[in-house]
Amino acid sequence: MRWEEVQERFPEEWVVLEATKAHSKEGYRYIEEVVVIDTFEDSTEALRRYSKLHRQDPGREYCFFHTSRPELVARERYVGVRGPRR
C-alpha cells in the first residue's frame with residue numbers, strides 16, 4: 001500500500017507499518033510501499049507496539065508515523081559496531 005492510501009484510510013492516526021519497498025539515499029530512508037500492522041490515537045501506544053514487533057523480529061523493517069506527515073521519509077539510524085570510546 002502506498003502512503004497516500006494509508007492517509008486516506010486512516011486519517012489523523014498513528015500507524016505501525018512494515019516497509020515492503022524502500023530505498024536509502026544520503027542518510028535517509030525513503031519508504032515507498034507498506035503494510036499497515038496497527039493503528040493508534042496515541043503515539044505512546046504506537047511506540048510500544050513498534051518496539052514489541054521490533055524485538056520479536058529485528059530483521060523486518062517496522063516503523064511508525066502519524067498520517068499527517070506529507071511523505072514517508074526517515075533519517076537512517078547508525079547500526080553496527082562502534083569503535084572504542086575516547
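Heavy atoms only: backbone and side chains are in, while hydrogens, waters and symmetry mates are out.
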**Report entry** Results of salt bridge (Lys or Arg N to Asp or Glu O under 4.0 Å) for Glu18 - residues two or more places apart only
**Finding:** Arg60
Query raised in the report: In chain order, what residues pass the salt bridge (Lys or Arg N to Asp or Glu O under 4.0 Å) check against Lys21, with sequence neighbours excluded?
Result: Glu32
Query raised in the report: Taking ILVMFWY side chains as joined if any heavy atoms are under 4.5 angstrom apart, and letting links pass through other members, which residues group with Tyr28?
Result: Tyr30, Val73
Query raised in the report: Apart from Met1 itself, what residues make up its hydrophobic cluster, given side-chain heavy atom links below 4.5 Å?
Result: Trp3, Val6, Phe10, Val15, Leu17, Ile31, Val34, Val36, Phe65, Leu72
Requested in this report: If a pair satisfies salt bridge (Lys or Arg N to Asp or Glu O under 4.0 Å) and one of its residues is in residues 2-15, list it, with sequence neighbours excluded.
Outcome: none
Report summary line: Residues passing the side-chain contact (heavy atoms from CB on, under 4.5 Å) test with Glu26, sequence neighbours excluded, are none
With [X] via side-chain hydrogen bond (donor to acceptor under 3.5 Å, both in side chains) - residues at least two apart:
{"X": "Arg49", "answer": "Asp38"}
{"X": "His54", "answer": "none"}
{"X": "Arg48", "answer": "Glu45"}
{"X": "Ser24", "answer": "Arg29, Glu76"}

Query - Separation between OG of Ser43 and OH of Tyr50, rounded to the nearest 0.5 Å - result: 14.5 Å
Report summary line: Contacts of Phe40 meeting ring pair (Phe, Tyr, Trp, His ring centres under 6.0 Å) (sequence neighbours excluded), chain-then-number -> none
**Report entry** Over 12 foreign heavy atoms within 6.0 Å of CD, Glu41
**Finding:** no
